[in-house]
2 protein chains.
Amino acid sequence: MTEIQRPGALYQQVAAAIRAAILSGEFAPDSLLPSEAQLMARYSVSRPTVRNAIAALRAEGLIDVRHGKGSFVRSSGQPTLTLERRISRTTDSKFVMPNGDAWQEAEEPSTYRTRTTKATGRLLGLAEEEAVFGCDRLLIDAATGARAMHRTLIPFEVAEAVPVLADEPCQPPVAIYRVLTQDGHKLWWSETVRARMPLPDERTTLQLPDATPILHVARVAHGADDRPLTLEELRIGADRAELAYRITADKQPARRART
Amino acid sequence: MTEIQRPGALYQQVAAAIRAAILSGEFAPDSLLPSEAQLMARYSVSRPTVRNAIAALRAEGLIDVRHGKGSFVRSSGQPTLTLERRISRTTDSKFVMPNGDAWQEAEEPSTYRTRTTKATGRLLGLAEEEAVFGCDRLLIDAATGARAMHRTLIPFEVAEAVPVLADEPCQPPVAIYRVLTQDGHKLWWSETVRARMPLPDERTTLQLPDATPILHVARVAHGADDRPLTLEELRIGADRAELAYRITADKQPARRART
DNA sequence: TGACGTCACTTGTCCTTACGAGTTACGACT
DNA sequence: AGTCGTAACTCGTAAGGACAAGTGACGTCA
């Protein structure tokens with residue numbers, strides 16, 4: 001089991017041996033791996049080689065290393081927080097989101113004026129550098145402790161058409177949906193999901209472990225004429241959260257794929 | 001601009017300086033960074049320190065390094081392949097998926113018998129180690145060259161109820177939908193989206209660059225009594241693909257969040 | 001008994017040196 | 001003119017040493 005294979009660089013052989021030992025169950029989840037010194041002796045390699053192998057396994061998200069303690073097999077921990085991306089209406093015409101009341105706001109949401117980037121502008125049907133209201137929230141799931149960054153963007157043009165929004169643009173999403181509906185819009189939403197590695201500031205505010213990507217969800221609320229009204233961005237560590245959608249077949253034949 | 005900040009380890013200061021230079025635009029996307037030797041001179045540090053800083057930036061997905069050539073600023077490349085996760089029915093009762101005909105199959109799909117894992121069993125409403133049909137496909141997008149791994153799992157019980165499936169279980173998803181519908185099922189689908197770092201074999205078959213997570217989508221087709229019928233898994237590099245969903249408000253009030 | 005200091009262990013950082021391997025361009029030889 | 005080898009660059013791998021910093025246990029001292 002501790003044998004070293006032929007192919008590739010030495011540190012890759014060491015990494016492959018440790019990886020195989022982990023996947024085979026020889027090293028159980030949450031258990032302590034041999035120390036660097038022990039691995040040096042076990043495979044007869046130098047410390048840089050061992051550290052290089054360990055760095056590779058960290059980048060794969062297989063192990064966690066704690067200064068002064070050692071390397072631990074990461075518990076792949078399937079069960080996570082499932083975010084149901086549905087929106088419902090109650091009988092008294094309020095909007096409700098399945099996970100809505102499980103989140104706690106870590107601090108007062110901060111409102112500000114900002115401008116669209118190329119990406120956010122495209123989603124809102126605006127050019128770059130258009131003025132919008134922004135509202136940032138840091139959400140914490142009460143049960144799991146999972147953290148999420150939430151941002152709402154509202155174009156000035158949309159807010160000005162709805163006095164309640166222009167007056168207080170930083171409201172919870174479901175409240176904004178209600179206001180827009182009362183303004184005569186029949187809402188539907190489009191979401192795009194992306195995954196990427198976090199920037200350093202996202203890594204710290206979301207308290208992410210090594211090699212943990214984030215899910216980046218952009219939800220656009222569409223109203224009359226299918227015009228984009230608001231944009232919500234949700235960023236959450238992919239180690240603890242998954243997204244859930246419901247799909248039903250629509251009747252129109254799909255248009256031809258890109259020409 | 002080449003100044004080194006105070007906080008943290010030397011290599012982190014170097015990494016922060018380079019990162020700031022990239023984000024400020026001093027180093028444009030796709031441009032060549034200074035070589036390791038030049039960075040050693042610029043910051044008066046040793047080569048391991050420079051390499052450690054570069055390794056940190058690689059893990060963040062900010063740069064790509066090519067052996068013998070140098071380090072390049074990764075073009076953050078927003079525009080990607082958008083996978084519309086919708087399902088439509090044509091007038092002649094076929095099912096169509098928006099991106100369906102843009103994919104090419106890299107090789108013959110392989111059918112086999114396998115068993116559910118804990119995760120796939122849960123999604124199919126089965127226990128662990130239940131026998132199922134499996135069908136793997138490697139898909140390549142004709143336009144962008146993006147690669148995706150696709151797998152369909154069909155429980156024996158479901159296939160046996162539909163002779164066409166038991167006879168030839170490895171059919172395209174839309175064909176399976178049609179067969180199930182002709183068998184009397186009124187279909188709807190649930191999808192769960194996760195992101196994680198790829199395993200080594202996924203890294204190679206999907207040809208992923210460094211620090212690139214994968215999107216892992218599991219789609220379950222539900223039929224009569226909302227019983228799970230089939231499971232499709234799609235794995236694709238998050239550097240080139242994004243998922244798109246459409247949401248409409250449903251009427252039922254959402255149940256209380258977990259107690 | 002309690003508090004605290006020390007020590008032995010862990011990983012983190014940083015340096016020096018050496019050579020292997022991929023890339024490119026230049027120049028000499030045919 | 002064309003071909004090919006070499007040289008000079010790049011990053012990759014590997015070894016050695018030294019010290020800093022976090023952790024936990026043990027033992028001493030009050």
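Just so we're on the same page: letters track the sequence lines, and every chain starts at 1. Because only heavy atoms are used, hydrogens play no part in the values below, and waters and symmetry mates are left out as well, while side chains stay in.
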Are B/E128 and B/R122 close enough, and set up right, to give a salt bridge (charged side-chain N to carboxylate O under 4.0 Å, His left out), and what steps lead you there?
CA-CA 8 Å; B/E128 205 173 337; B/R122 185 174 56 81; over 6 Å; no
Outermost contacting nts on DNA chain C, any atom under 4.0 Å from chain A heavy atoms, listed 5' then 3', are C/dT10 to C/dT13
Protein proximity profile, nucleotides 7-14 of chain D - base contact B, sugar-phosphate-only contact S, no contact -, cut-off 4.0 Å on heavy atoms:
---BBBBS
Close side-chain approach of A/R137 to A/P172, heavy-atom, < 4.5 Å
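The answer is yes; the side chains approach within 4.5 Å.
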Is there side-chain contact between A/V217 and A/R85, with heavy atoms separated by less than 4.5 Å?
yes
Have A/Y245 and A/E84 got a donor and an acceptor in their side chains that come within less than 3.5 Å?
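No donor-acceptor contact under 3.5 Å links the two side chains.
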With no hydrogens and no angle check, do the side chains of A/E242 and B/T192 hold a donor and an acceptor under 3.5 Å apart?
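Their side chains do not contain a donor-acceptor pair, so the 3.5 Å distance test is not met.
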Side chain to side chain donor-acceptor pair (under 3.5 Å) partner of B/H216, chosen from B/E202, B/E233, B/R194
B/E233
Side chain to side chain donor-acceptor pair (under 3.5 Å) involving A/E36 - partner list, sequence neighbours excluded:
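Here the qualifying residues are A/R47, A/R51.
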